[in-house]
Amino acid sequence: ITSISLFTEMLEDGKLTEPDDQAEAFAVIGQEIRRLQRIVNRMIDVARGEARTSPYNLKPGDLNRPVLEAATRFERIITEPGLELAIELAPEKLPVQMDVQALDDVVTNLLSNAWKYKRDDKARIVVRTTRRGRFAGFVVQDDGVGIPRAERRKVFEMYSRAEQYLTHPVAGTGLGLALVRSVVAGHKGRIDVDGAPGGVGSVFTVRLPLDRDAAVALAAEDLGDATPASDAPEAPPHGKVVPS
């Protein structure tokens with residue numbers, strides 16, 4: 001809602017006069033409206049608690065994809081100064097069964113919280129994908145106000161907000177992290193929160209089970225996309241670091 005309001009006001013005030021800037025603003029508004037619609041639908045599903053079928057369209061894919069897309073879009077819609085965002089992708093593909101849009105929403109929500117609950121006017125946020133044993137996952141680490149150890153479990157409950165968040169001058173409903181937990185659970189995964197190294201900020205970790213069928217599908221895609229060695233350009237490494 002904040003992004004939609006901000007870009008709408010910029011268009012109304014005539015601050016975006018170049019066609020390319022206007023097109024980008026309309027694109028952001030459209031993306032955020034569609035994301036808001038998905039969030040409302042999921043919130044209704046969670047509130048009902050009676051859905052007999054999964055609301056997620058799970059398909060084989062690389063977990064790096066929704067993490068990278070959500071993080072790069074998030075960086076684009078933050079117009080205030082002070083954001084330092086680093087994206088660190090695992091060097092290999094992370095095959096999981098996933099609903100790309102749902103996981104995009106999870107990453108966006110965690111990034112939004114990291115930005116809202118920053119210290120002062122600056123925030124350093126790191127988004128990192130990982131692979132450990134039979135699990136793939138991603139981490140969102142910030143240097144913000146943090147969450148006391150005693151309150152970390154309840155932040156995933158409906159309508160619950162940690163004391164640190166209540167005293168911070170930011171509006172919130174206590175629904176975001178509950179919806180995040182619901183999405184992760186729908187992917188047979190788990191989410192945890194810990195304090196950041198040095199005692200400043202928070203680290204949210206999402207783990208999803210690696211999937212053999214997804215690995216086969218990704219391998220088949222790679223074979224289908226392969227070009228003859230004599231014609232193929234040198235490919236960049238899959239691991240990628242994108243500092244803002």
In terms of hydrophobic clustering (I, L, V, M, F, W, Y; side-chain heavy atoms under 4.5 Å; direct or indirect links), are [X] and [Y] co-clustered?
X      : Y      : answer
Val126 : Leu83  : no
Val28  : Phe26  : yes
Val107 : Leu58  : yes
Leu103 : Val139 : no

Note to self: Run the side-chain contact (heavy atoms from CB on, under 4.5 Å) test on Val127 and Phe74 for me, step by step, so that the C-alpha distance in whole Å, both residues' side-chain angles and the decisive distance to 0.1 Å come before the verdict.
What the structure shows: CA-CA 12 Å; Val127 184; Phe74 177 79; over 6 Å; no
Below 4.5 Å, heavy atoms only, C-beta onward: do [X] and [Y] meet side chain to side chain?
X      : Y      : value
Pro66  : Val100 : yes
Pro81  : Lys122 : no
Ile147 : Val193 : yes
Arg119 : Val200 : yes

Test salt bridge (Lys or Arg N to Asp or Glu O under 4.0 Å) on Asp222 and Lys93; report intermediate values, then the result.
CA-CA 11 Å; Asp222 290 340; Lys93 290 187 176 182; 2.7 Å; yes
Spatial distance of atom [atom1] ([X]) from atom [atom2] ([Y]) [nearest 0.5 Å]:
X      : Y      : atom1 : atom2 : value
Arg35  : Gln101 : CZ    : CD    : 11.5 Å
Lys118 : Ile125 : NZ    : CD1   : 8.5 Å
Arg131 : Leu208 : CZ    : CG    : 13.0 Å
Leu111 : Leu85  : CG    : CG    : 6.5 Å
Ser3   : Ile33  : OG    : CD1   : 11.0 Å
Leu177 : Ser182 : CG    : OG    : 12.5 Å

field: Glu24/Arg76 under salt bridge (Lys or Arg N to Asp or Glu O under 4.0 Å): CA gap, chis, key distance, verdict
entry: CA-CA 10 Å; Glu24 182 176 10; Arg76 183 176 53 158; 3.8 Å; yes
Would Thr108 and Arg73 count as having a side-chain donor-acceptor pair, cut-off 3.5 Å?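 On atom types as modelled, these side chains qualify, holding a pair under 3.5 Å.
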Closest approach of [X] to [Y] (non-hydrogen atoms, all atoms of both residues):
X      : Y      : value
Ser202 : Gly146 : OG-CA, 3.4 Å
Phe7   : Ala25  : CD2-CB, 3.7 Å
Ile87  : Ala71  : CD1-CB, 3.5 Å

Check your understanding: Is Glu157 paired with Arg181 through a side-chain N to carboxylate O contact shorter than 4.0 Å?
Key -> no
| query | Using 4.0 Å as the upper bound for N to carboxylate O, is an ion pair formed by Arg152 and Asp192? | reply |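 Salt bridge: no.
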Answer yes or no: is there a donor N or O on one side and an acceptor on the other, between the side chain of [X] and the main chain of [Y], under 3.5 Å?
X      : Y      : result
Asp142 : Ala114 : no
Asp143 : Arg124 : yes
Thr129 : Phe138 : no
Thr72  : Leu68  : yes
Asp62  : Asn64  : yes
Gln22  : Leu16  : yes

Legend entry - Worked verdict on Phe135 versus Leu210 for side-chain contact (heavy atoms from CB on, under 4.5 Å): CA-CA 5 Å; Phe135 294 90; Leu210 290 167; 5.6 Å; no
**Prompt:** Where does the angle between the aromatic ring planes of His187 and Tyr56 fall among parallel (under 30°), tilted (30 to 60°) and perpendicular (over 60°)?
**Reply:**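 His187 vs Tyr56 ring planes: tilted.
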Quiz prompt | Sole candidate of Leu6, Asp13, Thr8 that passes side chain to side chain contact (heavy atoms under 4.5 Å, CB included) when paired with Met10 | solution =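 Exactly one option meets the side chain to side chain contact (heavy atoms under 4.5 Å, CB included) with Met10, and it is Leu6.
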Sorted by chain and residue number, the salt bridge (Lys or Arg N to Asp or Glu O under 4.0 Å) partners of Arg128 (sequence neighbours excluded) come out as Glu88
Step by step, work out the side-chain contact (heavy atoms from CB on, under 4.5 Å) result for Phe204 and Gln141. CA-CA 6 Å; Phe204 285 85; Gln141 177 178 329; over 6 Å; no
**Prompt:** Under the side-chain contact (heavy atoms from CB on, under 4.5 Å) criterion, do Leu110 and Val106 qualify, and how do the steps go?
**Reply:** CA-CA 6 Å; Leu110 295 177; Val106 168; 4.2 Å; yes
